[in-house]
Amino acid sequence: IRFEKSYSHNQFIANLYNYINTTHVFTKLTDISIKHHYYKVFHGIAVIGVHYDDLKKLPGVVYISKDTIMSIRSRNGILSWGLDRIDQISLPLTQSYSPYYTGQNVDVYIVDTGLDTTHIEFT
């Protein structure tokens, strides 16, 4: 399995202190588009059209990360045991991944402490 990463230039997710009013903070920047407000898992905002250094200077910004899209591709058609297992109930495994649903209109948000890309499973 190969992980592919893509992201847009000047598109970020900013983690903010809980007391920060996102609308007030981001009105100080011009040419910025607020893509999404995060309230449940963490307090933050997804923005487009701002430079990293300008975003970092704003009061109340705790952490900034690139707004990134990850996708999974199989290598030579061989899937991991996990993907092969989640699309079927019965054994034996079919050595293929054929999900019933496409995942269309589904948003998945992953909050993670990091990924060790040097781990053997990613090489």
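For this chain, numbers begin at 1 and follow the sequence in order. Just so it is clear, the model here is predicted, and its values are computed rather than measured.
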Output the distance between atom OH (Y39) and atom CD1 (I45), rounded to the nearest 0.5 Å.
-> 7.0 Å
Inter- and intrachain pairs under salt bridge (charged side-chain N to carboxylate O under 4.0 Å, His left out), touching residues 37-47, at least two apart | none
Please list, chain by chain and in numerical order, all residues satisfying ring pair (Phe, Tyr, Trp, His ring centres under 6.0 Å) with Y17, sequence neighbours excluded.
-> Y19
N18: what forms a side-chain contact (heavy atoms from CB on, under 4.5 Å) with it, not counting sequence neighbours?
-> H43
State which residues pass salt bridge (Lys or Arg N to Asp or Glu O under 4.0 Å) with K35; sequence neighbours excluded, sorted by chain then number.
-> D67
Between L16 and V61, is any pair of side-chain heavy atoms under 4.5 Å apart?
-> yes
Tell me, please, which residues at least two apart from S65 pass side-chain contact (heavy atoms from CB on, under 4.5 Å).
-> I13, Y63
Cut-off 3.5 Å, side chains only: do H36 and Y38 have a donor facing an acceptor?
-> no
Please step through side chain to side chain contact (heavy atoms under 4.5 Å, CB included) for the pair I64 and L55, ending with a clear verdict.
-> CA-CA 8 Å; I64 303 167; L55 189 58; 3.7 Å; yes
